[in-house]
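Since the structure comes first, as structure tokens, the remarks are kept for the end.
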Amino acid sequence: MLPPSAAHWLGTDHLGRDLFSRLIWGARASFGSVAAILALVLAVGCTVGTVAGMAGGVVDAVLMRLCDAFMTVPTLVLALFLIGALGTGLTNVVIAIALSHWAWYARLVRGMTMSLRGRDHIAAARLAGLSRAAIVRRHVLPVVAGQLAVLASLDLGHWMLHVAGLSFLGLGLAPPAAEWGIMINDARPFFRVSPMLVLLPGMAILMTVMAFNLLGDGLRDHLDPALRGQGH
């Protein structure tokens, strides 16, 4: 627990490890996990949403009841249940968080797909012989992309907190891996002696979540015509 110096910019922890290096290295696990969650959520949500919106009927009803089942359970509770079923580890944490959040994206994509399905350019594309997959790729997903970007950017901070919290509980990465949630858990016994061991990774999580939220607000203001017209 050395103080900051030229050799160790933020000091060292109770095992003599450089805090600055561990914070930087821990960002890889945190950002990598969030990126993997985003990819899985978009893949599952867009697939289910477009299939339900384009097919309609029984297919739509079954898929939306499945979405309702996932949306009725709080996301953290559902993630904990899935980790209990899949086992601990960062990969299973990523899968559990993605499976607890995809339904909102599927609902959004399904609603926008149904609103576009009856428009003239979609009918013209069908008459031109385009398959449903080609119509979705060319005429649906580009329109939905903006709304998905806003929703995803607002959720990134939420997912970051989930990853850090589950690692803090020992369900994600395991020590001695460098991850912000693990660093906070490791430093708990030494909080009175060296509070910076807890505060530094906590501040890293706080600033990252704030940055993601500001990004989401900026994207929403930029992509919403009503807000642009008000000069926000």
Side-chain angles (χ1 to χ4, degrees), residues 31-75 78-79 82 86 91-160 162 212-230 232:
F31 283 94
S33 302
V34 170
I37 294 168
L38 175 62
L40 283 174
V41 166
L42 290 179
V44 177
C46 288
T47 301
V48 173
T50 52
V51 169
M54 294 297 291
V58 176
V59 174
D60 177 41
V62 171
L63 291 177
M64 289 304 101
R65 296 299 76 75
L66 180 63
C67 287
D68 292 341
F70 276 85
M71 294 172 69
T72 54
V73 183
T75 55
L78 181 57
L82 292 171
L86 298 172
T91 300
N92 290 337
V93 165
V94 168
I95 294 172
I97 296 175
L99 290 179
S100 63
H101 287 81
W102 67 271
W104 279 265
Y105 290 76
R107 277 281 187 184
L108 174 65
V109 173
R110 178 249 189 187
M112 298 190 71
T113 300
M114 292 188 71
S115 68
L116 293 170
R117 189 175 61 183
R119 295 189 179 180
D120 293 341
H121 67 285
I122 300 294
R126 285 175 177 163
L127 291 175
L130 288 180
S131 64
R132 285 187 174 181
I135 292 173
V136 168
R137 186 175 64 253
R138 296 184 186 182
H139 301 289
V140 175
L141 290 182
V143 178
V144 176
Q147 295 297 323
L148 288 178
V150 173
L151 181 58
S153 60
L154 291 171
D155 274 342
L156 290 175
H158 181 61
W159 297 336
M160 176 74 73
H162 273 6
F212 283 140
N213 288 341
L214 290 173
L215 173 64
D217 288 340
L219 282 175
R220 183 193 60 195
D221 295 347
H222 178 72
L223 296 174
D224 192 328
L227 293 177
R228 286 205 309 267
Q230 295 172 8
H232 289 173

Side chain to side chain donor-acceptor pair (under 3.5 Å): pairs with one or both residues in [range], sequence neighbours excluded:
range: residues 143-157; answer: Y105-D155
range: residues 38-61; answer: D60-R110
range: residues 62-71; answer: R65-D68, D68-R107

Could you work out, with side-chain contact (heavy atoms from CB on, under 4.5 Å) as the rule, every residue matching N213, not counting sequence neighbours?
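Listed in chain order: V209.
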Taking all non-hydrogen atoms of both residues, which atom of [X] and which atom of [Y] are closest, and how far apart?
X: F70; Y: A103; value: CB-CB, 4.1 Å
X: N92; Y: L86; value: ND2-O, 3.2 Å
X: T75; Y: S100; value: CG2-O, 3.4 Å
X: I135; Y: A125; value: CG1-CB, 4.0 Å
X: W159; Y: V41; value: CZ2-CG2, 4.1 Å
X: V34; Y: L156; value: CG1-CD2, 3.3 Å

According to the ring pair (Phe, Tyr, Trp, His ring centres under 6.0 Å) rule, which pairs have a member within residues 38-69, sequence neighbours left out?
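Pairs touching residues 38-69 that pass the test: none.
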Separation of H101 NE2 from L40 CG (nearest 0.5 Å)
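L40 CG to H101 NE2: 13.0 Å, rounded to 0.5 Å.
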What's the separation between atom CG in L82 and atom CD1 in I97, rounded to the nearest 0.5 Å?
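Output value for this atom pair is 10.5 Å.
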What's the verdict on side chain to side chain contact (heavy atoms under 4.5 Å, CB included) for V59 and V51, showing C-alpha distance, side-chain angles and the deciding distance?
CA-CA 8 Å; V59 174; V51 169; 4.0 Å; yes
Just do the side chain to side chain contact (heavy atoms under 4.5 Å, CB included) check on M54 and T113 with the steps written out, would you?
CA-CA 7 Å; M54 294 297 291; T113 300; 3.6 Å; yes
Is there a side chain to side chain contact (heavy atoms under 4.5 Å, CB included) between C67 and W102 once you walk through the steps?
CA-CA 8 Å; C67 287; W102 67 271; 3.5 Å; yes
Please report the C-alpha distance between L148 and C46 in whole Å, then the side-chain angles of each, then the deciding distance to 0.1 Å, and finally whether the side chain to side chain contact (heavy atoms under 4.5 Å, CB included) criterion is met.
CA-CA 9 Å; L148 288 178; C46 288; 3.5 Å; yes
H139: what forms a ring-ring contact (aromatic ring centres under 6.0 Å, His included) with it, not counting sequence neighbours?
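Result, ring-ring contact (aromatic ring centres under 6.0 Å, His included) vs H139: H121.
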